[in-house]
Amino acid sequence: MNWLDYVVLLGTILGIAAYGVWRTRGRRDLNTYLKGAGDTNWLVIGLSVMATQASAITFLSTPGQGYESGLGFVQNYFGAPFALIIISVVFLPIYRRLKVFTAYEYLGQRFDTKTRLLGAALFLLPRGLGAGITIYAPAIVLSTVMGWRLDVTIICSGLVAIVYTVAGGSDAVSHTQKYQLAIIFAGMAAAFIILLVRLRADMTLTDAFTVAGGFHKLEAVDFSLSADKRYTFWSGLLGGMFLALSYFGADQSQVQRYISGGSLRESRMGLMFNAICKIPMQFFILLLGSLMFVFYALQQTPPVFFNQTAWNLAVSKDSSGELRTLERKFTVAHTQQRAAIRRWIAATHSGDPATAAAWRAAAMAAGARTEAVRDDAKKALTAAHVGTTGSDADYVFITFVLQQLPHGLIGLLVAVFFAAALSAKSAELNALASTTTVDLYRHLVAKAADDAHYVAASRCFTIFWGLAAIGFALFANLVENLIQAVNILGSIFYGVVLALFLVAFFLRRVGGTAIFWAAIAAQLLVFVLYFKLGISYLWYNIIGCAACMLLAVVLQAALGPTLRPEETA
Amino acid sequence: MDLDPNPLDVHAPEDNTPPIDAPGAASGVMPGGTPEPPDDVTGLPGLRTWASVYLLVGVVFVVYVILLTTLSRVFA
């Protein structure tokens, strides 16, 4: 990055944050601070919901997912449209009718205090951890690649989010997310166009798709019934639907974004906007990764390992010369692969299918050798203990950005990563603070204070959770692939959280004691199964939800009919 | 500040908010008496009910799956 990139980066990020503070100056009452001005239109709601979910992990890690594994990850989002419809029909009207600040307030009204506290705790724990990952993930990648200090990167980005979220609450989050998303879309579109231009220097777009398809990078839909495969149509539709139901319907970081609509119609339209746009958005990000695979397959000297900082450090420590040997092997295999791909495309253009098929097979064989060398290189790196897990998927896109984009656009793309991190982080902090204020502090500690007191408390809790997330990020270790880590963490807890709400809505005879103990038992069951079974993590959403609901019914049957509060008077 | 003496008491009703199935809550009239604006109109041209909007979302999903499957098959 040069001075122009830093001007673009800092101007964009700090400018949006400053706008958020200025735009929401003077917010004093609790309702506005936690839920916004109450006049938010559907587009702002829709963009806010989208920005809250799409953190920096989406834009840093997902292209790498496409590079390594192709388009299959898009199936993870197949359940989202149906989940959003269910939320629009069932959850949203109830939240708006009761004018709740948090989703867990509703649990208190339907069941009792301990169930409300359990729901809040099941949100606060994973979301608190998730907030740390949200800030850690882009920081580790950017600091590694740019040479920035990791702790400074984490602290600076965390503090920016804390400042405007504390200042303006929910409104500040929504207003800044609009512009952050605009930056994100502009940056990603620019990167996509540059990639297509670079590819066109070597081949047509159809050729690029042919090569990507030949290397299985375009297999988007897998109708297999195997429970072991991580991403299939069925795990995405069913498991993904339960994950999305819980995330969008019971996670306060999302609930807070759409209950602020000017009317039920505006909130619903915002959700339907996401129902339609989510899948194509994820598709294009994954496609970027798949086409980057083709781009690097035709490069003269692509990196054997995209985390070049870790690679160069390991090479400097490698007295046996093993890594240099692997580099040479990789270059040989890659050269053979590149030559085979060019001949494959030439034969296709000349209308010789038999020759094209033969060169395709040769390219695939060379590709397999290339991947084998990369696997050996990753194992050698892990053994060298240079601070990497051996996966470089999260570094593919940032490497492309730094090496292929012109100055100015580099700054814009780095701004994309920070904008995405800030948009998700600010929404998470806002939600964590709201739940802590409303479900814990106001409910248990200070029951009769005025609005100014609760707004001040909410500001303090925002700072607390922001600092906690920064603290967690400073001590976190990199996991294999960040986007999968976030989804796995969610899947372990979200099933039970969803069950709390489904029982509340549909199983009227189940009371607070039964659902409380059922939830605890089901959550323990999910923990045990996660470490015992090797199934796709998406299934744990269904397992946790079903187990909790079933146990609740059984426990209630054992306890006898529950008495409603008005029946005991 | 008073702490709730029995925060985990199963029979302790929540503060002053009416239960979910109280007549006021079910009828759409807010506890403060302000009626929620009518919401059965979507305001979209050609999609007057929410059922039609949800159906459109379902159809769009099917189109996405068909396009993605076709992409997979064509370039396999």
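What's counted below: heavy atoms across the whole structure, side chains too, no hydrogens, waters or symmetry copies. This structure is a prediction, so every number in the text was calculated from the model and none was measured. Labels below follow one simple rule: chain letters A, B, ... track the order of the sequence lines, proteins then strands, and each chain is numbered from 1.
- The residue among A:L71, A:V74, A:I85 with the most heavy atom pairs within less than 4.5 Å of chain B is A:I85.
- Put simply, the side chain of A:P81 reaches to within 4.5 Å of the side chain of B:V57, judged on heavy atoms.
- When the candidates B:L56, B:L44, B:V74 are compared by the number of heavy-atom contacts under 4.5 Å with chain A, B:L44 comes out ahead.
- Taking 4.5 Å as the limit, every side-chain heavy atom of B:Y54 sits out of range of all side-chain heavy atoms of A:I86.
- Side-chain contact between A:H216 and B:F75 is absent, with no heavy atoms from C-beta onward closer than 4.5 Å.
- When the candidates A:F215, A:F82, A:F233 are compared by the number of heavy-atom contacts under 4.5 Å with chain B, A:F82 comes out ahead.
- When the candidates A:F78, A:F223, A:F283 are compared by the number of heavy-atom contacts under 4.5 Å with chain B, A:F78 comes out ahead.
- For A:I276, the parts lying near chain B are the backbone and the side chain together; criterion is any non-hydrogen pair under 4.5 Å.
- The CG atom of A:L287 sits 7.5 Å away from the CG atom of B:L71 when rounded to the nearest 0.5 Å.
- Contact count against chain B (heavy-atom pairs under 4.5 Å) is highest for A:S88 among A:A449, A:A275, A:A212, A:S88.
- For the pair A:A220 and B:S72, the tightest heavy-atom approach, listed with the atom from each and the gap, is N-OG, 2.9 Å.
- There is no contact between A:L271 and chain B, counting heavy-atom distances below 4.5 Å.
- Of the atoms belonging to B:F61, it is side-chain heavy atoms, and not backbone ones, that fall under 4.5 Å from chain A.
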